[in-house]
Amino acid sequence: MNKFKKYINNVNISRFRFWFQIFAFIIMVYGGFLSIDIGENLPTFSCPYIDKGGGTCFLMGLQHRFTLPIDQLISFRGLAVLTSVLFFVSWFIFFNKAWCGYICPLGTLQDWFTKLRQKIGIRYSNYSEAKFKKLKKIKYILLGLLILIPIFMANSIPFIGKLSHDWAVPFCMICPGRTVLPLFQGDASQLVIDYGSKTKMIFTVLGMAITGMFFAGAFFKKRFFCFFCPMSALQFIFKKLGFLRLIKDGTKCTKCGDCYRACDMGIREIADDIESKDIIKDDCMMCFKCVAACPEEKCLKVNFLGKTIYEATEEGFYKRQKGKK
Amino acid sequence: MEKERFEKVRKHVRSEAALEAGDVLNKIKDNFPDNPEGMNYFYDLLSRQFSEGILPKNGKKVIGTMCVQVPDELILAVDAIPIRVCSGSFPYDNAGAEFMPAKTCSMIKAIMGLFSVENYQKKFDMLVIPTTCDQKKKTTEMLTDMGYETYSLSLPSRKDNDNSRHYWQNSVKEFAADLMKKTGKKITTSNIKKAIDLKNNARYEFRRFFNLRKKSPSVIYGKDAFLVANAYFVDEVESWTSALKNLNDELEKRVNKNFSIVNQKTPRFLFTGSPPIFPNMKIPLLVEEAGGLIAVDEVCSSSRLLYDMPAYDEGALYDMIPAIADCYLKPCTCPCFVPNEERKDKLANLIDLFNIDGVIYQSFSGCQLYEMEQKLIGNFLMEKGIPMLYIESDYSKEDTGQLSTRIEAFIESIKIKKKSDLKGKRATK
Amino acid sequence: MKKKQKKRIIAHGYSRGLIIISVIFIAPVFAENREPKSFHFSLTSPAEKKQKHESEHAAKPVRKYWLSTAEKDLNLEGYLLNPLGEEKELKIEKKEEGWLVSFNTPFKDSEDHGANNVYVVDKKVVDKTLYIRTAKWITVNHSCGWGHGHKHDKIRHSALSFEKIPFEIVPQVLWDDKFHIRTKTGDNLKVFVYSYGKPVENAKVTVVSEKDWQKTMITDENGGIEFQMIRDYYERNWERFHTSHRSRMIVEAEYEINESGNYEGELYNKIIMSTSMPWKYSPALEDYASYKSGLTVGGIFFILTLGGVLLYRERRRKPFLELDFEKKPRKNKKNKNE
Amino acid sequence: MKYFAGIDIGSTSIKIVITDEAEKIIAHSVNATGANFHKNSMAAFNSLLDKENIKRDDIVYIASTGYGRKLLKEADETISEITANAVGARKTVTGGKVKTVINIGGQDLKGISLDEDGNCGNFVMNDKCAAGTGRFLEMVARTLETEVGNLSNLHFSLKGVPAVINSTCTVFAESEIISLLANGHSHEGIVVGVHYSIAKRIARLIKRIGVEDIIFFDGGPAMNKGLVEAVENELMRELFIPEIPQITTAYGAALIAKEAYEEEAVHA
């Protein structure tokens, strides 16, 4: 058992993750061809615009479900929203935010961009602390909007009235997942500007602009889009329920910042917060690169239902650093 | 005429320093039983350092460093030899005292003494001095004035924000650029990777050593631990690493055999504050001769020296050099940083890990940073209920009698406390 | 009817040949005015003129459809096929405006979730000819609130044929697997004609668009025809153009059998069967969307971001960033807490 | 009968205390240290034994303490004077718990704070120099051409304003006193000034470890009532002065000797 544990702790998690991501990508993007269907309340950006995906993103359904008059929303039909949230949460519980780091196809795609940049040897970019703090809020705003807009479609707002049907699935319209992921099935139909109505036109222009920025941004900035992802904001609400946990033992931390260096999301707390035990922050995607980069014995741990499955060790750190090319 | 006098002084100081070093080494070797075989390498190395001089003779460029914050990896990457020139020698301290202000810390005086007495201008290609404390800063200028090639490595005073982190990273980048210019060799991904690996090997062994010291009752004295780290100042990394590996293997055997050099009752101390640098082993020796054991230390000449490892994410210069920079800044607990809460956390952690009974805080008189931080650390430890002995001292031996009284009284008080704790434990059982 | 047909021939000369043939064959049947006209389902009563469309996204507790004919003396039999292919009860009422059929689709994600086929059949002997007229309506009972999962098998979103129905049109694809309508202008549509569950060869199928364009085809041995739906929605004022504009089309089929028999005491020596199925289609994406613009916008922003990053990097290389003294000093409150 | 001896070899005097098993002092002596620590202390020890008629063999355990403790090879145990002083003070006071001990020795100044159990918790000592110690008082007495024992009398017979002594350094204070004398200050005023300057120094030193009642004040200079008054005024607290202030440390050593002896007996 100890030997096995040692093996696991010495493992190069980045390589494991790379292959796992490819596996997950195939399931999520091509799952339909393999008659795999995981459902439609997945806490990950597995886009419903992909014709034959293996499962779909919860946000699309969420936006649909909130297209209800308020009186119905608080009546039995609201239950539909509730049950879908329950489905979402039950998926989420198992892997917690590791959905982002291991399964999300859009995240995987961004990681591939990072790999490409690394191969070319171009320096990555980082936000400054102050900018980062501001940008972090965007995802909460997006989450708020993607719930409010559908509600305003079904309920009239003073002076404006009901929003037109063109406002449907507002987040999907600007999500690069919609434009980019179907390309992997050879479907480029989402790359158009829709002149059908002004709203649609603005949305599609916005969507294409974001797609353009996504390609350039993801090249320079690791996980460029994830800072704005409302899914990660939504997940963060339920983070306490997750079985999978990232645990930090602050007494062992020397604040050396090695984990912060490794963190693609630039989460400062991982290095500087020595108070909290449960260190998952809203941007965290649970890739566990920080655990792999921690040189302090048992300082960072990955727990599943309270059982440690992966932890930082001196030996593991040393071996991983040595094995780097 | 002047030259002749100078030569005379040099000879005199050198022989005095060698005498002092020999004396201390003998004390270290002979006053204690059961020195590990593996320590002989380090004993020999340090005695050679003082009888034959500190410089290697293999034609490589030599770069002198002061303070732990100098990133050795860069120096190793350009195929030069880093040598830490911080000195603990009283004769050199005396020599420096001739022209340094009276209230300067002994280490600075000794460094200045060393460089003024010895004609090292041609032997060191560069002296790298981080702007840690005010005295080191001015040392840089004084050394330049003496004709040395110096490099002032600009260190921020804060390390808790990103600005200072980037400032330091830039500082290190500039240093790397300067180093390349100076040596005419390029830092490439492959040679810096090699340098990092080289130093990481040393760090790995050092950590192993560190962990072996956790065993209670201990398998090795603190004075030996200090020597091991001190040897790193002047030794080449590979040979040092393999010597330490031998020592570690030996200590591991001791642990497995349940062999220990002291007994369960021996009070275990944490040594912190100004760095004891061989041959200034006054306080550690006094403590261990009086029946205490320095189980672990938190000083820049020992545990802090090789503890922290850099982690780079992408194997390219744009990531590796900042990673190296970070590893020298962020975990550093030098009192030159504000705020320095990390030092308290570190001490608390060490106290837990090493089963510490008391803390010995040394500060060189004149080292204001350590002198002042003493109060903060003292208060922190008092809250934790760990007794601390604060000793203000320098390289001279004149206060040995008084110090030994204080240290013995401290050890006695801890022994009494330990005894009553044991009694209490027995009573509850 | 004849006149109308002729008009159409002039309007759509290219299908003239086909229609001339059909006119020659069918003309005697329509010689007298007594012949019963074929009918179809509609969302509005015959009195109303306004068009209505059914939404695929909204669930309704009761579905109601009007028959397009104003005839009062119909002998209607109604059939309802639920999404699983089971027969259910269909309510037929004779109202003042006309005939109304209705059935319940309870609001829940149950077996009713999916495509429902509604039929009425009318049989009548006129001039020793038995006219069997059927009308069909396919509707989907779906709400996006129930989810777009793949939990429903194919049966649930395809139009089925029913062996009790003498004559019917079965379209190949109506909805995608998310129950969303698929028919767009320019699409190639395939339609089959079945009689009592068996394909009918040589039946005549006519497609009539909202703007009265029509095309008639003869089914092959599988009972199938294929045609491309033309675009007939042109909005002069772009402001009023609707991407989701639904145009109505009706697919009709007719078939004649020389067979003698007795229907409810009346003798006949010929059977003429007709059926109809209304459907809808919307403008194709290509009509109002542009790849070129999409790629341009995407490209511009890609280059802007790329350039921005590179420019920023270049700027950082400069030794000094200028200090702007006129700028208001930043609040340092937050920094203090850090 | 078993007896225990504590020998405190200080820089100026050798203090010897012999206790019985009930921890009662049955004999004590104070002698000058002189040049030869070892010889003088053994001579003093033997003469005390002779005087009190105690057989050498009855002394079962000897603990030495003080500056010269390591030189006394006859001792069974050596103990630092800080621990010994704390133990002695703790046992001397019967009415309550001693919290702070101030000791002025021949060459040093000590402050010890005791924890709840009466063990030495924290302590401070003056650094290398002998400012404000017994030696300093001796120098003052010599400069004023009087005896150390007379300083107290001079202190209390002051009529007028005390002089202000700025320096507690033995060397500088001497010249300062001479100039004060030359300026016409009275001897009494100077003595009071000296006492206050020492008191201030003591106060500064022991405030580092925290001052709590009961404050125990011992060492030779504690016999000087004038100095005691000065310290009390500086600290604004009352001091506890033992009957014979010099021997507390030696007494403590004797007590430790007894404890060590008993512990050895248990293990044997």
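The chains referred to below are lettered A, B, ... by the order of the sequence lines, with proteins before strands, and numbering in each begins at 1. Just so we're clear, the structure is a prediction, and the values are computed from it rather than from any experiment.
With a 4.5 Å cut-off on non-hydrogen atoms, B:Ser393 does not touch chain D at all. Neither the backbone nor the side chain of B:Tyr390 comes within less than 4.5 Å of any heavy atom of chain D. In this structure, chain D has a heavy atom under 4.5 Å from the side chain of B:Leu389, while its backbone stays farther away.
Other residues, nucleotides and ligands contribute more than 12 heavy atoms inside 6.0 Å of the NZ atom of B:Lys397. Within 6.0 Å of CZ in D:Phe172 there are 12 or fewer heavy atoms belonging to other residues, nucleotides or ligands. The 12-atom threshold is not exceeded at OH of D:Tyr67, counting heavy atoms of other residues, nucleotides or ligands nearer than 6.0 Å.
The closest side-chain heavy-atom distance from D:Lys110 to B:Arg406 is not below 4.5 Å.
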Please report the C-alpha distance between B:Met388 and D:Asn122 in whole Å, then the side-chain angles of each, then the deciding distance to 0.1 Å, and finally whether the side-chain contact (heavy atoms from CB on, under 4.5 Å) criterion is met. CA-CA 8 Å; B:Met388 181 181 99; D:Asn122 200 353; over 6 Å; no
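Listed by chain and residue number, D:Leu109, D:Val124, D:Arg208 satisfy the side chain to side chain contact (heavy atoms under 4.5 Å, CB included) test with D:Leu205 (two or more places apart in sequence, or in another chain). Listed by chain and residue number, nothing satisfies the salt bridge (Lys or Arg N to Asp or Glu O under 4.0 Å) test with D:Asp218 (two or more places apart in sequence, or in another chain).
Among residues 253-261 of chain D, the residues having any heavy atom closer than 4.5 Å to a heavy atom of chain B are, in sequence order, D:Glu259. Near-neighbour residues of residues 73-84 of chain D relative to chain B, defined by a heavy atom under 4.5 Å from a heavy atom of that chain, comprise D:Thr78, D:Ile79, D:Ser80, D:Glu81, D:Ile82, D:Thr83.
Taking CD from B:Glu408 and OG1 from D:Thr65, the interatomic distance works out to 9.0 Å, rounded to the nearest 0.5 Å. In this structure, D:Asp115 CG and B:Lys417 NZ are separated by 8.0 Å, a value rounded to the nearest 0.5 Å.
Closest approach of B:Ser413 to D:Cys120, counting heavy atoms only: CB-O, 3.3 Å.
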